[in-house]
Structures are given as structure tokens and as C-alpha cells.
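First up is the structure itself, then whatever we jot down about it.
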2 protein chains.
Amino acid sequence: MAARISTKDKILNAAEALFAEHGFEQTSLRQITADANVNLASVNYHFGSKKALIQAVIARYSSLFMPALDAKLKQLQSHPQISTREVFDCFREPLRELVHINKRGPAIYLSLLGYAYAEIQGHLRRFTMQEYGDVILRLVTLLHAANPQLTAEDVFWRLHFVLGATVFAQVSSQALQEIAKADFNSDVSAEDIIDKLIPFIAGGLDAPHENEI
Amino acid sequence: MAARISTKDKILNAAEALFAEHGFEQTSLRQITADANVNLASVNYHFGSKKALIQAVIARYSSLFMPALDAKLKQLQSHPQISTREVFDCFREPLRELVHINKRGPAIYLSLLGYAYAEIQGHLRRFTMQEYGDVILRLVTLLHAANPQLTAEDVFWRLHFVLGATVFAQVSSQALQEIAKADFNSDVSAEDIIDKLIPFIAGGLDAPHENEI
DNA sequence: GTCTATAGGCAGATAGAC
DNA sequence: GTCTATCTGCCTATAGAC
């Protein structure tokens, strides 16, 4: 009953798993094509270059995630009162929807974002900003509305701390899950990590400004 | 008046700057030796291998930072009441002391930790745990004492979120500093980032547990 | 200790047969 | 569309002259 998957999709599926685990530069086309059971040359035939493959992998997720997030944020924008917690809760469902691309889609997407940020300085970040800049802007606006006591710059920095905590948690999630299992005998899924993360980042964002303590 | 620096130290200095900016695997011995103005073969003569060079770079910082942090934590341990904020404030001075290794030492060390975590899965992490496991344990104990309402597992996870926010902020600090300059016309030093970070991570760690909201 | 020269391996990309 | 074979370039590491 194995579905007949096109070579192009086989490559995308193998690539995203390897990219999420080892990063973009650390993953070779030889590994990808071996895992996908396709010929080495087919990557360049279907995508043109490794760089284009990376963008295709990310775009498959972003094109699903970003519009869904934007819709949630728009909805929240009409509320009279907005809390930080409500803003971050907007991420839950769009993130969960990514299982339709891959069972581990939510974790994969966050890992990809992390590596994109750390590795390809500027390149993919600029791409995202151009393509989805309005979503980011809406997000910052909402967070500022939820925290009028902070300056716009505070919100900017804290949003990046949030991003850091999130992608780091996902990139090192496998190791952390194993340690948690060994030390606390607890099985923690990728979604459980999100549940643990959201109170943390909401608490961090709501914290008073340095000078006010 | 240019100090006469040994070849070994020239390599260490060039290596740590490149490692902190691009990561370990992305930095070649050719780049390092070119920046250091030494011969390519001298790395293997002085350090034996690239892996050993990486460890030497990290060890130079950890051997200064970890004992200093441990002393601060020990001091705090005798207090009757401990707040999360006090625990994180223990990091400030040991971190600042790293300027004695390099002017940008604090930022470099945090970047190195970030790449060590993301790239060399297990290897350097195990090394750190073996060498400085007692410091980590003291840290977790203090944070748990400051937050008795949390489970030990909550503290474990939140400590890693903290680590993520911190190293991510440093790894992408250059890009973020440029954006902050462009958008808010504000010059933010590496130390300023720490000032912005500490209220955030303290607020996140003190947040109530998910089920208590 | 420092150099040149090179070994040996893996990377991305492509030409051209089928 | 898919394959084999190969080009070109970069990497770490080392042998051996000085």
C-alpha cells in the first residue's frame, strides 16, 4: 500500500528530516539522495541547486504556517484587551497543522528556522522578511499592545529571545528528551515541549523593564 | 609595541573569533591560519587536530568562567532566601571577567557554547558535564530553591530555554545589533544585551506552571 | 618550530548516454 | 526523468626538507 511518491517529494521528505537534525551545511546531497533512494543528479535536475532545495523545503512549511498564523493574529487584533499569553497561543494551531506535511512537522519546522537563523546569515532571514514581513509586523504590534509598559525596542529584543528559546529547545529536543527520560523517567513529546515553553516565554515577555525593578 | 604572541596563541585567538562567528564545522583550518598569519601545518603541530583545537579554545574560557561562577553560586547558597534574579546575577561578573582573554570574550564564549550545543551533539556537552557537572548541579539546586513551586523537571526544561535564549541572542547578536541600530537608532553593546536578557529569563523562570493558570 | 608539497577524501555540480 | 562518470574545488592531515 506504499504510496507512490514522486522523486521530487522523496527528496523533499528526506532533505527536511536531515536538515532538521543536522543543519543545512552539515547535510550533503549525497546523504539526502541516499536516504531518499534516488539518484544524486536528480536534486540538480528537480531543484537546480542545493540552495534552491533548502528554500523549497522551508517554503513548503512557511506557505502553510504563515497564512494560518496571520489569520489567528488578525482575529485577535479585533479584541479590546490582549494578553501576551493570547498572542503566543495563536501559534499553537498553525504549528500543529504542520503534521499534515509530516508527522513531526511542527518540530521540523522550528528546527529549520533555528538553523536558517544561525547558518545562513541574512539570506533566508531576508527572504522571510520580504515574504512574510506583514505577519511579523502584526505580531510585534500585538505584543506591544499586550505590553504597553515596554518600549518597542524592548519588545523587539524579547521577541528574539523568545525565538531563541524556542528554536534551541527544538534543535536540541532529542537530546533533552533523552535526558528527561533518564533523569525524571518522563516521556515528553514535541508538543509537550511547546506546553512547557509557552508559560516560560510569556513570563519572560511580561517581565518588567530592567530600570523598573 | 605590538606584543610578541606565540604561534599557539595566535591560532587560539584567530580560531575563537572565527568559531564564534561561523561555528566550528564551518570554519576551516585554512581560514584560521590565514587570519592568524601562521602556517597551515602549525595547527596540527601545536594542537594535533582540529577537534583538539576546538576543545582548547573552549577550555581556555571554561577554565576561567566555571570556577568563578561556582564561587558566586556557593556564596549565594548560604543565603536564607534566594530569588531567581540573584541566581542569574551570579553570571554577570564571571562573564565580564572573560574580557581578560579577549575584549569580546563574553560574547565569544556564549556563541561558542551555542555552536557546541547545536553542532557537536553530545561530544562537547558530555565533556562539559564531566568537567563541570557539579557547577551545573549547584545551579539547578539554587534555581529550584528560588522556585519551590516548580517541579525539578520544570526547572530542568526552563534552564534549557534560558540557555537557548542566551546563546541565540549572542549568535545572532551582530545581525540584531544592526537591525536595532537601523530601526531604533540605538547602539547596543554585548553587555547591554545581557542587561536586556536577564529580566526576560528571570521572568520566564518565575512564571507559574502551566496547570496553575 | 616552521615551511612546502601532497596525499586522500568528500563536497556540489554537470555532461552526456539511455 | 534517470542514470553513470567525471570535473573542479575545498577540506584535514601528514611526510619530510630546512
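Protein chains get the first letters and strands the later ones, always in sequence-line order, with residue 1 at the start of each.
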- C/dA11 P sits how many Å from A/F24 CZ, rounded? 18 Å

- Task: Using atom CG of B/L40 as one end and atom P of D/dC10 as the other, report the distance to the nearest whole Å.
- Result: 14 Å

- Task: Assess A/K8 against A/F47: is NZ or CZ under 6.0 Å from the centre of the six-membered ring, and within 45 degrees of the ring's axis?
- Result: yes

- Item | Per B/S49 side chain, nearest of listed nucleotides C/dT4, C/dA13, D/dA13 | D/dA13

- Message: Over all strands shown, is A/S6 touching base, sugar-phosphate only, or nothing at heavy-atom distances under 4.0 angstrom?
- Response: nothing

- Item | Value in whole Å for how far the P atom of D/dA5 lies from CZ of A/R30 | 14 Å

- Item | Expected output: side-chain A/S42 to main-chain A/Y45 donor-acceptor under 3.5 Å | no

- Here the distance between atom C1' of C/dG12 and atom CD1 of A/I32, to the nearest Å, is 11 Å

- Closest nucleotide among D/dG1, C/dC3, C/dA11 to the A/Y45 side chain: D/dG1

- Task: For A/Q31 and for A/N44, locate the closest nucleotide of DNA chain C by heavy-atom distance; then report the residue assigned to the nucleotide nearer the 5' terminus.
- Result: A/Q31

- Item | Nearest-Å distance for atom pair CG/P, residues B/L29 and C/dA7 | 20 Å

- Selection from D/dA13, D/dG1, C/dA13 that lies nearest to any side-chain heavy atom of A/H46: D/dG1

- Closest of D/dA13, D/dT2, C/dA13 to the A/N39 side chain is D/dT2

- Query: Quick one: is A/S42 getting a side-chain N or O under 4.0 Å of the D/dT2 phosphate, OP1 or OP2?
  - Reply: no

- Message: How many whole angstroms separate atom CZ of A/R4 from atom C1' of D/dG1?
- Response: 14 Å

- Please state how far atom NZ in B/K50 lies from atom C1' in D/dC10, giving the value in whole angstrom units. 12 Å

- Query: Mind checking whether A/F65 and A/Y109 have parallel, tilted or perpendicular rings, split at 30° and 60°?
  - Reply: tilted

- Query: Within less than 4.0 Å of OP1 or OP2 of D/dG1, is there a side-chain N or O belonging to A/T7?
  - Reply: no

- Message: Does B/R60 form a side-chain hydrogen bond (donor to acceptor under 3.5 Å, both in side chains) with B/N102? I'd like the steps, not just the answer.
- Response: CA-CA 11 Å; B/R60 188 160 69 145; B/N102 184 310; over 6 Å; no

- Once you round it to whole Å, what is the distance between P of D/dG1 and CD1 of A/I5? 16 Å

- Among D/dA13, C/dG12, D/dC3, the nucleotide that comes nearest once only the side chain of A/A41 is considered: D/dC3

- Could you tell me whether B/T33 contacts a base, only the sugar-phosphate backbone, or nothing, with contacts defined as non-hydrogen atoms closer than 4.0 Å? nothing

- Query: Do the non-hydrogen side-chain atoms of B/V43 and B/K50 ever get within less than 4.5 Å of each other?
  - Reply: no

